[in-house]
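Contents: one structure, followed by commentary.
Both backbone and side-chain heavy atoms feed into the values below; hydrogens, waters and symmetry mates do not. For clarity, every value in this text was computed on a predicted model and none was experimentally measured.
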Amino acid sequence: MAREGLDTITQSDFSGGIWRSRDRAAVPPNTCYDILNWFVDTAGNLVKRGGRRYYLGQAVANNQHVFFWDGYLRVGHRIVVAASENTAFVEGHIAIHNGSSYTTVETDSAEIIVDRPRQEAVLNGVLVLRTAQDYGAANESFYFTCGSTKANYTTGTATFTNGSKVVTGVGTTWSTKLEAGMFIYPSTGSSDPRIIESVDSNTKVTLTHEWDTTTFAASAYVARSDGFNSLIHANTAAEPIVAPGGLATVGRRLLCATATDIVSFSLIDQPTRFDSGNFHKIPGGGRNLGIADLDGDALVFTSAGVWRISGLIDEIEDDLGNPLHAVRKVSDSLILWDDAGIASWENRVVVPCTDGVYMFDGVSAPIRISDGIEPIYREYVEDATPGGVPGRAVIYKDYYLLPIINPTAATPEVVPIEALACRLTPTVTPDGRRIYPWFRIDTSDHGINAFAVRHDASAIVPPKLLGNSHTGNIWDMTGIFSPSATVPADDGVPFTADSYIESTVTTRDFKLTDNSSGALVKRVVIDHELSDDGSLYPFTYVSGNADGAASGPTSGELPEGSGAVGLSAGARANRFRLTISNNAELTALAVIRSISLKLRPTARDK
């Protein structure tokens, strides 16, 4: 109950997340000015995020991680990391973790193989990466791996028979030297790699697809686990099979885009095989920027808008020459910022464009979901300082997580700034607007430039959220959305101290009065829950009519426990903004349910 003579202003719903707007009248009442290292739960409460835990160390000693992927390939569950030397930034590596240890499978002493987080593709158990621009003397565009760490094998001879999936060997020991998922092909007269479905004996393997070209009897051959552009078989391709303009798996095909306007697509389930007519020229006069899978269709992002290719599960035309694919325009105004930020969610695609983050569902017009953080987002897109480009984004527990990484560092694109996070289930404001809540995660300390969601097929357990550190460690970030006494803080590297999570909530500007002499805020009442000897320091308030006005003194502390606690204020203002912070304690759980201001209006307001 309010004290006699005091008015009350209360916010008990924070479901709108961050909202930055120059128009104070347009700020939704269920939002905050800033939310750093807190998140909004489904009940509209503010919850301080939990901590991270150390997961894996450096893939290559004294090397930073510039790319990271976690998932299932034909050989099993793998983590694939691209690393570069920490000081000169010229030595490149690709390493694979098989569940017990890392194996370095590629090394280049002069160049970085993969230079930053980018969109990858997986088709038929093969992971395909885009290499650094102009990598290698032959300007390699692709790196293919089945996830195996077995060495190339060429001993003996092999027979590849037209119309058969079976390859037979003489003088071979394939049972121990090969495994399913590896590539095999004649080393002379044909560069047409096929994927091994099974290793049946020392002298027999079965392919995933029939050998449909000339028979090679008792031929020299190569079996290998990975490779670059040399693995691509292009049947007198009319267009170059390169991918500086994007890479994705759509309709059981590998799609790759040139830097101009060509999108080529592989044969179904065969990521290294392309036929000469299997490409589309994208209209509009723009250059390709990225590709995304939208429920079996391809969204192609260009500098002149967005196009959609449908029908990719079929051939490009039927036996009578009738087209089975269609290319049509989706938007001429949305321009992709970077394809590393693309993430799929429930048959929809979340895409970071130059003017905001959009959700595509393939039915209605794209929806902009980033209105609340527009000034923050546009600053990263447009300004040289602080600048930024997206790291590898994912969607975890209905939250879109977009790392922002520094494009001006000594190693471009890999040093993290922060992560922008959005809950993809919108909330409705009192005036009926649907808005998507955003908050910020500070990743500069633990260096997260890419996220991945790890599923465990061997046990019925919830998926984990993993984060790749540019310094060369992988972190279990699952605790961010599950705060507890078990994970109250961020792990240091093993055998170093935990890091406190510096967390801050800054409320929206509460309008107190239009009177020039202001209203007196006597007390602030915060309904909260706080456990495990933590502390919240809530009193850094901003008074006045404009952002950046003079700040009041710091005072007050919320005690451990649960309930509404009133703290003295004594600030006179037209508008009032409150900052609640926790930066020096291992707080297991902190929840804010409501904030109330107790006001003594001026005589003119009565």
- How far apart are the C-alpha atoms of S596 and T8, what are their side-chain angles, what is the distance that settles it, and do they pass the side chain to side chain donor-acceptor pair (under 3.5 Å) test? CA-CA 7 Å; S596 297; T8 302; over 6 Å; no
- Query: Should the ring pair F481 and Y399 be called parallel, tilted or perpendicular, given that the plane angle runs from 0 to 90° and is split at 30 and 60?
  - Reply: parallel
- Taking atom types as modelled and ignoring hydrogens, do the side chains of R508 and Q11 form a donor-acceptor contact shorter than 3.5 angstrom? yes
- Task: Classify the side-chain pair E382/Y377 by whether it contains a donor and acceptor separated by less than 3.5 Å.
- Result: no
- Item | Test item: side-chain donor near acceptor, T10 and S594, under 3.5 Å | no
- Task: Under the side chain to side chain contact (heavy atoms under 4.5 Å, CB included) rule, what do F301 and L334 come out as? Steps first, then yes or no, please.
- Result: CA-CA 8 Å; F301 301 91; L334 299 183; over 6 Å; no
- Query: Can you find a heavy atom in the side chain of I373 that is under 4.5 Å from one in the side chain of L420?
  - Reply: yes
- Taking the side chain as every heavy atom from C-beta outward, state whether I417 and Y380 have any pair of such atoms under 4.5 Å apart. yes
- Query: Does some side-chain heavy atom of W19 sit less than 4.5 Å from a side-chain heavy atom of P28?
  - Reply: yes
- Query: Between CG of L299 and CG of D339, what distance do you get to the nearest 0.5 Å?
  - Reply: 13.0 Å
- Please say which of R454, H97, H455 ends up in a side chain to side chain donor-acceptor pair (under 3.5 Å) with H77. R454
- Message: Using salt bridge (charged side-chain N to carboxylate O under 4.0 Å, His left out), reason through R78 and D70 one step at a time and then give a plain yes or no.
- Response: CA-CA 6 Å; R78 294 292 186 267; D70 178 281; over 6 Å; no
- Item | Under the salt bridge (Lys or Arg N to Asp or Glu O under 4.0 Å) test, residues paired with K397 that sit two or more places apart | none
- Query: Looking at W38 and T504, what are the two nearest heavy atoms and their distance?
  - Reply: NE1-N, 3.4 Å
- Query: Can you list every salt bridge (charged side-chain N to carboxylate O under 4.0 Å, His left out) pair that touches residues 464-474, not counting sequence neighbours?
  - Reply: K464-D476
- Would you check if the side chain of T429 reaches a backbone N or O of R433 as a donor-acceptor pair within less than 3.5 Å? yes
- Query: What residues, two or more places apart in sequence or in another chain, satisfy side chain to side chain donor-acceptor pair (under 3.5 Å) together with S333?
  - Reply: S331
- When you look at V524 and F576, which way does the side chain to side chain contact (heavy atoms under 4.5 Å, CB included) test go after all the steps? CA-CA 11 Å; V524 176; F576 189 92; 4.2 Å; yes
- Task: Would you mind reporting whether V357 and W438 have side-chain heavy atoms less than 4.5 Å apart?
- Result: yes
- Message: Restricting to non-hydrogen atoms, name the atom on L336 and the atom on P352 that form the minimum distance, rounded to 0.1 Å.
- Response: CD1-O, 3.5 Å
- Task: Measure the CD1-CG distance between I580 and L46 for me, rounded to the nearest 0.5 Å.
- Result: 7.5 Å
- Between W345 and D398, is any side-chain donor less than 3.5 angstrom from a side-chain acceptor? yes
- Message: Going by salt bridge (Lys or Arg N to Asp or Glu O under 4.0 Å), name the residues that satisfy it together with D371, two or more places apart in sequence or in a different chain.
- Response: R368
- Between the side chains of H65 and N449, does any donor sit under 3.5 Å from an acceptor? no
- Query: Do T249 and L255 have side-chain heavy atoms sitting under 4.5 Å apart?
  - Reply: no
- Message: Return the CD1 to OG distance between I474 and S469, rounded to the nearest 0.5 Å.
- Response: 9.5 Å
- Query: Do the numbers put R577 on top of the ring of Y33, so that NZ or CZ is under 6.0 Å from the six-membered ring centre and no more than 45° off the axis?
  - Reply: yes
- Message: If we count only N and O atoms by modelled type, under 3.5 Å, do the side chains of N37 and R49 hold a donor and an acceptor together?
- Response: yes
- Query: What closest approach, in Å, do S344 and D293 show between heavy atoms, and which atom pair accounts for it?
  - Reply: OG-O, 4.1 Å
- Look up atom SG in C32 and atom CG in L578, then write down how far apart they are to the nearest 0.5 Å. 9.5 Å
- Residues E120, R392: salt bridge by 4.0 Å N-O rule: yes
- Task: Could you check K48 against V505 for side chain to side chain contact (heavy atoms under 4.5 Å, CB included), going step by step and ending with a plain yes or no?
- Result: CA-CA 9 Å; K48 178 176 169 289; V505 171; over 6 Å; no
- Can you spot which of Y54, F451, F68, Y55 makes a ring-ring contact (aromatic ring centres under 6.0 Å, His included) with W475? Y54
- Message: If I take atom CD1 from residue I480 and atom CG from residue L465, how far apart are they, to the nearest 0.5 angstrom?
- Response: 6.0 Å
- Are K598 and V525 side-chain neighbours, meaning at least one heavy-atom pair lies under 4.5 Å? yes
- Please name all residues satisfying side chain to side chain donor-acceptor pair (under 3.5 Å) with N347, sequence neighbours left out, ordered by chain then number. none
- Note on the structure: Note: V40 and S15 closest approach over all heavy atoms is CG1-CA, 3.6 Å
- Side chains of N30 and T427 in contact at under 4.5 Å (non-hydrogen atoms): yes
- Can you name the nearest heavy-atom pair linking I395 to V453, along with the distance? O-CG2, 3.7 Å
- Note on the structure: Contacts of T425 meeting side chain to side chain donor-acceptor pair (under 3.5 Å) (sequence neighbours excluded), chain-then-number -> R423
- Item | Side chains of F14 and I595 in contact at under 4.5 Å (non-hydrogen atoms) | yes
- Query: Looking only at heavy atoms, which two atoms of D338 and A340 are closest? And how far apart?
  - Reply: OD1-N, 2.9 Å
- Which value, rounded to the nearest 0.5 Å, describes the distance between M359 atom CE and Y400 atom OH? 10.0 Å
- Item | Candidate pair I35 and R440, rule side chain to side chain contact (heavy atoms under 4.5 Å, CB included), full reasoning | CA-CA 6 Å; I35 303 172; R440 302 188 299 126; over 6 Å; no
